[in-house]
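Please read the structure below before turning to the comments.
Residue numbers start from 1 in every chain, and the chains themselves are labelled A, B, ... in the order their sequence lines are given, proteins ahead of strands.
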Amino acid sequence: MPELPEVEVVRAGLAPAVTGARVAAVEVRDARALKRHLPTSGDDGLGGHGVTLSEAAAAARSADFERRTAGIRLGAPERRGKFLWIPTSGASADGSPLALLAHLGMSGQLLLRAHDAVDDRHVRIRMWIEHAQHGELRVDFADQRLFGSLALDALRAAPDGVGAVPAQAAHIARDPLDPAFDDARFIAALRSRATGVKKLLLDQTLISGVGNIYADEALWRARLHPDTRGSAIGPRKADELLAVLRAVFAQALREGGTSFDAQYVNVNGQAGYFAHSLHAYGRAGEPCARCGTPIRRVPFGGRSSHFCPRCQRKR
DNA sequence: CAGGTACCCTGGCCGC
DNA sequence: TGCGGCCAGGGTACCT
């Protein structure tokens, strides 16, 4: 469940059960779910993204993660954009605190289950935790497509000096629901670029948490064509776009996120119902809710854009 | 900085 | 019933 509202639903669901809990045991079933986990000994010679691990490197990575995660105590989960992490009692080699970092990718789930609950599909990593109030639970990381991952990562001071963030998420911009998000800075960046506005919204180094669904929805609500250049957007329209984005996120959060199928669920495996409130994504051929013109779907960087050709004219 | 492509994966669905 | 092709909510690397 990948965009900001879905990740936030997971963070909030995890919070009561994991905060203050101790990890009793860890089992890595598929080392491919540790793409972002780099062993302590530094480099195992086979980096992270886009690289297939040798059998030996996979075993080493799994063993390293299991050994270092078992026994640590968990803090309150935090989120930036689509990255989720739990500060822990562990320390990294340079002395910084360790965080348990999660990215759900396209199909990742974090599921809270009873100790003896039956297996969900595609469980790649399992952690048994003990909590003073909630007793013994399992946290299962399930991921069909394996674009998501868990990792232990060093928690460092955030680049803007406010709070701390895992090293691997340091390049990710704050998201628009973050109180420290800098509106003026984002709007200036947006309006200085010749790139299409949708591509800018999806750039996690400018603003985080926005993915294909919510980009299309926000642009529909703001009546902006996805290919409108950032530099063609006036200050008032830019303000409106940011406000609309926040409203979409807030509403999606209230409705438990967007679920098109069983892949996108909260920590209890339940789907959200914001999909019913979408006006553009997944509605190709259906009449625009404002003007009745059929919603169009066009190729966009290996995916699709959905928009109303009448309400969202390219300028 | 802008654009395009390729890749990491599994599985559901559609047409033949 | 089988099979190939296409599609999917993300992120990164590496070209031009």
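Considering only side-chain atoms of Thr258(A), the nucleotide from dC1(B), dT12(C), dG9(C) that sits closest is dG9(C). Taking only side-chain atoms of Lys199(A), from C-beta outward, the nucleotide of dG3(B), dT10(B), dG11(C) with the closest atom is dG3(B). Here the side chain of Arg36(A) is nearest to one of dG11(C), dG9(C), dT10(B), namely dG11(C).
Look at dC1(B): it lacks any Watson-Crick or wobble partner with both distances under 3.5 angstrom.
Distance noted for atom P between dC9(B) and dC3(C): 24 Å (whole Å). Separating the C1' atom of dG9(C) from that of dG4(B) is a span of 22 Å, rounded to the nearest Å.
Nearer to the 5' terminus of DNA chain C, by closest-nucleotide assignment, is the contact made by Gly302(A) (compared with the other of Ile172(A) and Gly302(A)). For Gln144(A) and Leu202(A), each mapped to the nucleotide of DNA chain C holding its nearest heavy atom, the one lying further toward the 5' end belongs to Gln144(A).
With hydrogens and angles left out, the side-chain atoms of Glu3(A) and Tyr264(A) include no donor and acceptor closer than 3.5 Å.
Side chain of Glu78(A) to backbone of Pro87(A): no donor-acceptor contact under 3.5 angstrom is found.
Using a cutoff of 4.0 Å between basic side-chain nitrogens and carboxylate oxygens, Glu130(A) and Arg22(A) are scored as salt-bridged.
Taking both residues in full, the closest heavy atoms of Gln312(A) and Leu224(A) are given as NE2-O, 2.9 Å, listed atom of the first, atom of the second, then distance.
Stacking is not found between Phe147(A) and the pyrimidine-like six-membered ring of the dC9(B) base under the 5.5 Å centre-distance and 30° plane-angle cut-offs.
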